[in-house]
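This report refers to the structure that appears directly beneath it.
Note that the numbering runs from 1 along the sequence shown for the chain. Nothing here was measured: the structure is a model prediction, and the numbers come from that model.
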Amino acid sequence: MRLPRNAHLWLPGLLRSRRERQRPSNEGPIDVLLCMADHYEPGHGDPGLSVERARVTAWVERLPRLARFADADGRPPRHTFFFPAEQYRREHLDRLSSLCEAGLGEVEIHLHHDRDTSEGLRAALLEFKTRLA
């Protein structure tokens, strides 16, 4: 049997934490965290500005309808938009901001950086952070 990659680094801690973990009681609410992430790229495939706008509009119109339920604390689901820095269009982020202000979303920086250097990555992130601010 072949062990998963780098198992010698993480497997001992995993086994130790499972051994030390106590079974939760069945009283009270149970917190379940669910994360669904996608690469939010309105410009994927270089479809043209009208298609990009339609993709953004679909999110702005549909997400509030999809988020009609809430957790035990009264909070609706929150979608994370991993927005690609190299596809930045202020108008798209301005429209998504309404979802963020309503507590339905947040925007994270997504950066394609294949064959990049640490200096190049740092410069790209700092430039995009400045642009967003």
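The salt bridge (Lys or Arg N to Asp or Glu O under 4.0 Å) check on E41 picks up nothing, with sequence neighbours excluded. D94 meets the salt bridge (Lys or Arg N to Asp or Glu O under 4.0 Å) test with R90; sequence neighbours excluded. Every side chain to side chain contact (heavy atoms under 4.5 Å, CB included) that A7 has, sequence neighbours left out, goes to L3, P4, W10, L11. Residues that satisfy the side-chain hydrogen bond (donor to acceptor under 3.5 Å, both in side chains) test with T57, not counting sequence neighbours, are R95. Partners of E106 according to the salt bridge (Lys or Arg N to Asp or Glu O under 4.0 Å) rule, which considers only residues two or more places apart in sequence or in another chain, do not exist here.
F81 contributes atom CZ, which lies 11.0 Å from atom OG of S97 (distance to the nearest 0.5 angstrom). Note that the CZ atom of F83 and the CG atom of L93 stand 4.5 Å from one another [nearest 0.5 Å]. Atoms CG and CZ, from L99 and R78 in turn, are 12.0 Å apart once rounded to the nearest 0.5 Å.
Contact of the I109 side chain with the L132 side chain is registered, since non-hydrogen atoms from C-beta on lie closer than 4.5 Å. Contact of the H79 side chain with the L63 side chain is registered, since non-hydrogen atoms from C-beta on lie closer than 4.5 Å.
Taking all atoms of both residues into account, the shortest heavy-atom contact from Y40 to L96 is CE2-CD1, 3.5 Å.
Among pairs with a residue in residues 45-55, those fulfilling side chain to side chain donor-acceptor pair (under 3.5 Å) read E52-R89, E52-H92, R53-E91, at least two apart in sequence or across chains.
Taking hydrophobic clusters as Ile, Leu, Val, Met, Phe, Trp and Tyr residues chained together by side-chain heavy-atom distances below 4.5 Å, V107 shares a cluster with L111.
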Mind listing the side-chain donor-acceptor pairs of residues 64-77 below 3.5 Å, one per line with the distance, residues two or more places apart or on another chain?
| unit_1 | atom_1 | unit_2 | atom_2 | d |
| --- | --- | --- | --- | --- |
| R68 | NE | R65 | O | 2.7 |
| D71 | OD1 | D73 | N | 2.9 |
| D71 | OD1 | G74 | N | 3.0 |
| D71 | OD1 | R75 | N | 2.9 |

Could you tabulate the donor-acceptor pairs under 3.5 Å formed by side-chain atoms of residues 115-127, not counting sequence neighbours?
| unit_1 | atom_1 | unit_2 | atom_2 | d |
| --- | --- | --- | --- | --- |
| D116 | OD2 | L121 | N | 3.2 |
| T117 | OG1 | G120 | N | 2.9 |

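Ring-plane geometry between Y88 and F128 is classed as perpendicular, the angle between the planes exceeding 60 degrees on a 0 to 90 degree scale with a lower cut at 30.
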